[in-house]
Amino acid sequence: MDYNFQEIESKWRKHWFEHKTFTAFNGSSKPKFYVLDMFPYPSGAGLHVGHPLGYIASDIFARYRRLKGFNVLHPMGYDSFGLPAEQYAIQTGQHPAHTTKENIARYRDQLDQLGFSFDWDREVRTSSPEYYKWTQLIFIKLFDSWYNQYSDQAEPIQTLIEHFERSGNLKIKAYTEYNEHFTAEEWMQKDEKEQEDILQEFRLTYLADSWVNWCPALGTVLANDEVINGKSERGGHPVVQKKMRQWSMRIKAYSERLLDGLEKLDWTDSIKDQQRNWIGKSLGSSVVFEVENSDKKIEVFTTRPDTIFGVSFMVLAPEHPFVNGESEITTEEFKEKVKDYQKNAALKSERDRQSEVKNISGQFTGAYAIHPFSGKKIPVWIGDYVLASYGTGAVMAVPCGDQRDYDFAKHFNLPIPNIFKDIDISEKAYDEKSGIIANSDFLNDLSVKEANKKTIEEIEKKNIGKGKTNYRLRDAVFSRQRYWGEPFPVYYKNGIPKMIAKEYLPIILPEVEKYLPTEDGDPPLGNAQIWAWDAKQNAIVDIEQIDNETVFPLELNTMPGWAGSSFYFARYTDPNNEEEIAGEDALNYWGNVDLYIGGSEHATGHLLYARFWTKFLKDRGVLTYDEPFQKMINQGMILGRSSMILRLTIIINCSDDPDFKETVSNYYLSKNLFYRLVKEKDRISQLILENLKIEYPQLKSFDIMCIDSRHIDISLVNNDNLNVAELKNKLAEFKSAIFILEEDGTFICDNEVEKMSKSKFNVQTPDDLVKKYGADTLRMYEMFLGPLEQSKPWDTKGISGVHNFLKKLWRLIHDENNNFSVSDEKPTKEALKSLHKTIKKLQDDLERFSFNTGVSAFMICVNELQDLKCNNREIIEPLIVLLSSYAPHFSEEIWEKLGHDAGTISYTTFPEFDEKYLVEDNHDYPVSFNGKMRMKVSLPLGLNAEEIQQKVLEMEETKKWLEGQTPKKVIVVPGKIINFVL
RNA sequence: GCGGAUGUGGUGGAAUUGGUAGACACGCUAGACUUAGGAUCUAGUGCCGCGAGGUGUGAGAGUUCGAGUCUCUCCAUCCGUACCA
């Protein structure tokens with residue numbers, strides 16, 4: 001073999017490792033550049049070919065920036081807390097720390113194989129105590145903060161307490177949903193518990209009974225983004241609503257800043273829009289409706305105050321306080337019916353409610369509200385299309401202007417007053433925000449926009465509401481009933497949560513016997529024996545010692561997966577700092593991430609939470625920037641090609657009794673036979689019969705009942721051809737299976753393109769390909785596959801093309817005996833042109849992250865050099881430097897052979913592009929007549945438009961095409977095109 | 001429903017500011033070398049046509065001397081999200 005990639009690659013991997021070639025130093029006269037990948041969760045399946053896609057891209061870019069003279073930070077780590085390790089632990093009893101360690105080792109091996117230029121000295125693991133110490137510290141800081149809306153930032157809770165002590169909460173403008181007022185005296189009279197209850201309304205993390213997505217199968221609570229279509233993201237188990245005491249993050253306080261911050265980020269519109277929608281800002285107004293014969297007032301939020309005269313009924317969420325418990329407004333007559341309705345609604349999980357979008361349900365409460373302007377009586381209903389968790393949990397229904405209200409009104413025969421001038425609402429609601437308002441007292445003849453403004457003015461004048469902004473974003477539940485996560489630095493003194501002081505962090509995850517919840521339904525940490533806090537000794541002690549005097553119970557929940565990943569980017573900049581998350585110098589030097597590469601699936605999870613924490617940490621002086629990721633590229637998913645075999649379920653009859661039937665389901669039909677099953681039924685049936693007869697000689701009749709498909713391991717399949725013998729050998733269940741083959745003796749599988757997953761047996765690991773073609777080939781091939789941001793099915797068909805390119809280049813600079821050989825002669829003009837064209841193309845491609853066309857540029861260049869038989873040092877050397885970001889091992893090898901110090905190619909400089917080599921004496925102008933290209937003329941460069949026109953008009957060929965006509969106009973773009981308009 | 005994308009040969013995909021559509025690669029066809037080829041090299045390869053030529057970027061219109069690219073309408077596929085008042 002002439003290009004011995006295996007030898008070359010292991011040589012350079014070793015060299016880089018031993019020489020720490022890619023260590024990044026804090027502080028340098030060079031400009032900085034921070035390239036970051038979303039760190040992986042180290043799953044048991046190892047890396048598949050989709051994982052490295054983004055890493056390869058970021059590595060190419062990091063190496064490119066190094067050549068361009070930047071001090072590059074390019075770290076890697078592991079998001080190593082998570083559910084799979086825990087579930088594995090539940091099944092096998094293996095400690096998650098153990099499996100996590102093993103998985104990380106495997107990941108590291110696989111990553112190393114690919115020649116990444118990570119600075120491994122900066123590795124972080126979210127599950128290591130040295131790291132989660134900081135996660136715990138941030139939690140404490142959040143607890144110790146409130147959001148001051150005057151300064152528009154988070155501030156220490158102490159300042160709020162001082163304020164309460166001085167003047168109560170009357171003059172404060174804080175982010176909270178607490179709406180009672182107290183004076184300084186009243187504050188001082190409250191006991192510790194009462195004070196803490198109030199403070200919890202302000203703290204940025206707080207305990208609350210909240211409706212949570214409870215997953216009975218996993219025995220845990222899930223965040224909204226961990227629930228997909230009413231099922232858990234992991235495992236797909238059903239999720240129901242449950243009220244639990246949970247830690248929550250007051251992310252809502254940051255709604256506006258999270259929205260604003262998007263403006264200055266260089267992210268795709270798609271992700272920005274997803275975040276905008278998630279935050280869901282809407283402008284409108286609150287309006288208070290009095291209730292007849294009651295002192296209760298129903299507050300609603302509406303984005304359409306202009307439609308206030310179209311209100312014909314009101315709807316409360318079934319969970320609304322006014323239809324529950326003491327403050328109930330339901331009349332005696334309807335109490336029973338309302339209770340029934342609520343019971344039914346509560347039984348429905350979120351999923352059921354969703355799937356019943358079209359089903360309209362509701363119940364009249366017997367109560368009436370009073371319209372604030374017309375004074376009319378408005379019936380109050382409850383209905384589950386109104387959500388308790390959005391707005392005030394109550395709506396003023398305007399059936400003529402909102403389709404849902406319209407449907408509700410039609411269904412329950414409620415009036416639908418029309419308040420739009422010249423609009424027909426007999427079929428459906430008119431929900432456009434335009435038109436003229438009618439039948440609306442003081443709003444008549446106003447446009448929607450004017451009426452909106454006018455109504456808010458009137459509402460505010462009457463003091464029954466005010467202009468208001470509402471956000472869809474909800475506070476993030478932060479507790480998980482799991483073992484394998486960060487423990488909270490929290491203990492409970494008589495039910496009051498207390499933070500453990502910074503000096504005693506980290507609070508290390510205790511050992512447990514079982515990873516399942518306890519019998520009482522406590523989280524797994526409830527199984528820990530050594531899990532109580534001695535507040536005097538400041539130490540974790542045995543739970544037996546709990547006396548609630550000096551020894552207290554510790555929090556049993558752990559933190560969610562997104563905790564550790566919300567600040568890791570900052571930790572990389574100063575990973576060994578034991579005093580702070582990162583020192584000021586490191587923060588100031590590296591700043592935020594310049595380029596972040598990862599999947600778009602984290603749009604409303606990780607990417608939102610990381611932004612939230614960053615803004616918070618900036619407020620509290622921990623970080624120096626308020627957006628973590630300046631530019632982001634979202635790589636597409638690499639899909640797998642699954643192979644499936646088609647299974648027949650056949651009913652057979654082997655006796656004379658027609659009712660004596662048996663079912664067999666171990667017959668498999670080759671794909672092409674299956675597709676011919678309809679057309680050539682008899683022939684295929686005959687084939688099946690022949691096979692059946694072998695096993696059932698007594699067979700009288702048979703009938704195919706159904707056909708289904710089963711995933712099988714793609715390693716047993718080659719070009720859709722199943723290796724039947726190996727399958728039978730490997731899996732016992734197929735030992736006695738019958739495979740009905742094609743005429744040529746093969747068994748063809750069906751296939752489908754879908755997400756790679758262990759359960760579909762379609763995972764392609766990079767290992768085999770690295771073995772067969774080398775890491776450089778795989779790196780280039782993954783880039784060559786197509787635009788980085790596009791999802792695409794994995795397909796190895798084209799890999800030989802990329803491999804050939806490297807072989808070709810190798811041969812170009814080696815003689816027949818595989819000895820390195822370059823010419824020291826001056827290169828030809830053509831060769832220089834080819835080189836400089838490539839430099840320019842490559843640089844442009846890299847700057848716009850077009851990695852696939854970059855690979856093509858190399859191929860074109862090498863093809864040209866091969867045609868020119870050019871192996872001049874002056875061409876090869878810069879070309880190798882260009883190539884070093886894509887194919888680092890190959891390039892290092894040649895670089896050394898060219899006489900440079902080993903391992904120095906990464907820190908040489910990117911070749912300078914010189915336009916002079918591209919300048920041609922002549923340019924082939926396409927000449928078109930009326931826009932149609934007819935001929936090409938070669939003209940010297942440097943002529944102006946007029947001269948070009950003159951020259952072309954004089955040509956015989958031109959005259960032929962003009963056929964004696966005089967052109968109306970001649971368009972000449974020097975260096976580009978000549979067009980005659982006839 | 002709403003939001004975002006994407007539609008180009010047999011296939012993956014190029015075409016950066018409107019200026020020679022299909023670069024590059026796979027595949028395929030033919031040939032050379034070879035004991036052999038899943039090695040290497042040469043030529044060809046959008047479609048129709050012997051050819052001149054015609055035609056061609058999901059469909060239809062428009063702007064322009066000129067449109068894959070800009071505008072409008074529609075269709076298809078994928079992703080995200082969903083009773084948000």
Side-chain angles (χ1 to χ4, degrees), chain A residues 1-2 225 228-229 268-274 276-278 280-282 284 300-304 307 314-315 317 350 353-354 356-360 383-387 389-398 401-405 407-408 431 470-474 600-601 603-604 636-637 781 784-787 789-793 795-802 804-805 807-808 811 840-841 844-845 847-848 850 852-863 866 924-936 967-971 973 975-982:
Chain A
M1 195 197 307
D2 31 21
D225 53 278
I228 294 170
N229 289 332
T268 62
D269 287 342
S270 156
I271 299 265
K272 285 190 188 180
D273 272 345
Q274 277 184 55
R276 285 194 194 104
N277 291 341
W278 196 259
K281 179 179 183 173
S282 46
V300 300
F301 172 77
T302 176
T303 53
R304 295 292 302 275
T307 61
M314 302 193 76
V315 188
E350 191 104 322
R353 283 213 204 176
Q354 275 169 25
E356 287 174 22
V357 170
K358 296 284 174 282
N359 284 3
I360 297 153
D384 65 8
Y385 82 94
V386 176
L387 303 176
S389 49
Y390 181 77
T392 59
V395 300
M396 58 177 224
V398 183
D402 182 292
Q403 193 56 45
R404 291 156 301 165
D405 296 345
D407 294 340
F408 195 87
D431 53 12
N470 227 332
Y471 298 92
R472 199 194 79 123
L473 184 70
R474 291 171 203 178
S600 56
E601 66 272 20
T604 53
M637 207 184 330
Y781 181 60
F784 186 67
L785 220 47
E789 312 200 47
Q790 231 166 62
S791 287
K792 51 229 155 193
D795 181 3
T796 52
K797 271 189 204 140
I799 199 165
S800 63
V802 176
N804 282 345
F805 154 77
K807 285 201 283 192
K808 239 187 243 181
R811 276 199 301 274
K840 171 129 179 58
K841 172 83 177 134
D844 291 352
D845 286 348
E847 289 295 342
R848 66 194 173 100
S850 177
N852 55 330
T853 53
V855 178
S856 297
F858 285 120
M859 291 178 173
I860 295 167
C861 185
V862 167
N863 283 346
Q866 196 180 33
D924 281 342
Y925 281 93
V927 182
S928 52
F929 296 84
N930 278 343
K932 291 214 162 165
M933 217 277 285
R934 294 298 174 172
M935 61 187 214
K936 276 183 193 174
K968 276 187 205 133
K969 202 160 90 179
V970 185
I971 293 148
V973 187
K976 288 211 163 155
I977 197 160
I978 301 158
N979 187 31
F980 289 87
V981 185
L982 300 175

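A, B, ... follow the sequence lines: proteins, then strands. Residue 1 opens every chain. In this text the structure is predicted, and so the values were computed from the model without any measurement.
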### Task
Just call it for A:Asp845: base, sugar-phosphate, or nothing, with non-hydrogen atoms closer than 4.0 Å on any strand.
nothing
### Query
Touch check for A:Pro793, heavy atoms < 4.0 angstrom, all strands: base, sugar-phosphate only, or nothing?
nothing
### Message
Run A:Tyr385 and A:Ile360 through side-chain contact (heavy atoms from CB on, under 4.5 Å) and show every step you take.
### Response
CA-CA 8 Å; A:Tyr385 82 94; A:Ile360 297 153; over 6 Å; no
[M] and [N], which share atom name [atom1], separated by this distance in whole Å:
N     : M     : atom1 : answer
B:U57 : B:A23 : C1'   : 15 Å
B:C75 : B:U40 : C1'   : 48 Å
B:U34 : B:C41 : C1'   : 12 Å
B:A5  : B:U73 : P     : 16 Å
B:C26 : B:U63 : P     : 44 Å
B:A59 : B:A67 : P     : 15 Å
B:U71 : B:G4  : P     : 14 Å
B:C28 : B:G46 : C1'   : 14 Å

### Query
What pairs with A:Asp431 under salt bridge (Lys or Arg N to Asp or Glu O under 4.0 Å), at least two apart in sequence or on another chain?
none
### Task
With syn defined as a glycosidic angle within 90° of 0 and anti as everything else, classify B:G18.
anti
Consider the side chain of [X], meaning its heavy atoms from C-beta on, and name the nucleotide among [options] that approaches it most closely.
X        : options             : result
A:Trp278 : B:C26, B:A85, B:A82 : B:A82
A:Val386 : B:A85, B:G12, B:G13 : B:A85
A:Ile977 : B:A14, B:U20, B:U16 : B:U20
A:Arg472 : B:C24, B:U81, B:G13 : B:U81
A:Arg848 : B:G19, B:C26, B:U16 : B:U16
A:Tyr390 : B:U16, B:A85, B:G19 : B:A85

Could you check how far [atom1] of [X] sits from [atom2] of [N], rounded to whole Å?
X        : N     : atom1 : atom2 : result
A:Gln790 : B:U6  : CD    : P     : 8 Å
A:Glu601 : B:C78 : CD    : C1'   : 15 Å
A:Asp795 : B:G12 : CG    : C1'   : 8 Å
A:Lys976 : B:U20 : NZ    : P     : 9 Å
A:Asp273 : B:C79 : CG    : C1'   : 13 Å
A:Lys840 : B:A15 : NZ    : P     : 14 Å
A:Phe408 : B:C83 : CZ    : C1'   : 12 Å
A:Ile271 : B:U81 : CD1   : P     : 11 Å

Is the backbone N or O of [Y] less than 3.5 Å from a side-chain atom of [X], with the two atoms forming a donor-acceptor pair by type?
X        : Y        : value
A:Lys807 : A:Asp2   : no
A:Asp405 : A:Val398 : yes
A:Ser791 : A:Met637 : yes

### Task
Please lay out, stage by stage, how A:Asp402 and A:Arg304 fare under the test side-chain contact (heavy atoms from CB on, under 4.5 Å).
CA-CA 10 Å; A:Asp402 182 292; A:Arg304 295 292 302 275; over 6 Å; no
Under 4.0 Å: is that the gap between some side-chain N or O of [X] and OP1 or OP2 of [N]?
X        : N     : value
A:Gln403 : B:C83 : no
A:Ser282 : B:A85 : yes
A:Asn863 : B:A25 : yes

### Message
Run A:Asn863 and A:Lys808 through side-chain contact (heavy atoms from CB on, under 4.5 Å) and show every step you take.
### Response
CA-CA 8 Å; A:Asn863 283 346; A:Lys808 239 187 243 181; 2.9 Å; yes
### NZ on A:Lys976 to CD1 on A:Ile971, rounded to 0.5 Å
14.5 Å
### Summary
When rounded to the nearest 0.5 Å, the distance separating CZ of A:Phe929 from CD1 of A:Ile978 is 9.5 Å
### Message
Evaluate A:Arg848 against A:Asp844 for salt bridge (charged side-chain N to carboxylate O under 4.0 Å, His left out), listing each step before the verdict.
### Response
CA-CA 6 Å; A:Arg848 66 194 173 100; A:Asp844 291 352; over 6 Å; no
### Task
For RNA chain B, just give me the dot-bracket, please: Watson-Crick or G-U, both distances below 3.5 Å, ( ) intra-strand, [ ] crossing earlier pairs, | paired with another strand, . unpaired.
(((((((..(((......[....)))((((((.......))))))(((....)))..(((((..]....))))))))))))....
### Query
In terms of the nearest nucleotide of RNA chain B, which residue is placed more toward the 5' end: A:Gln274 or A:Thr302?
A:Gln274
### Query
Taking for each residue the nucleotide of RNA chain B bearing the nearest heavy atom, is the 5' side occupied by A:Ile971 or by A:Lys841?
A:Lys841
### Query
Is there side-chain contact between A:Glu789 and A:Thr268, with at least one heavy-atom pair below 4.5 Å?
yes
### Message
What does the B/S/- profile of nucleotides 39-45 of chain B look like, 5' to 3', with a 4.0 Å heavy-atom cutoff to protein?
### Response
-SS----
#### Entry: Exceeds 12 heavy-atom contacts within 6.0 angstrom, atom NZ of A:Lys792
yes
### Task
Report the residues that fulfil side-chain contact (heavy atoms from CB on, under 4.5 Å) with A:Ala317, sequence neighbours left out, ordered by chain and then residue number.
A:Glu319, A:Val386, A:Ala388
### Task
List in chain and number order the residues that pass side-chain contact (heavy atoms from CB on, under 4.5 Å) with A:Val802, two or more places apart in sequence or in another chain; answer none if no residue qualifies.
A:Thr777, A:Met780, A:Tyr781, A:Phe784, A:Met859
### Task
Please work out which residues in residues 854-862 of chain A have a non-hydrogen atom less than 4.0 Å from an atom of RNA chain B and list them by number.
A:Ser856, A:Met859, A:Ile860
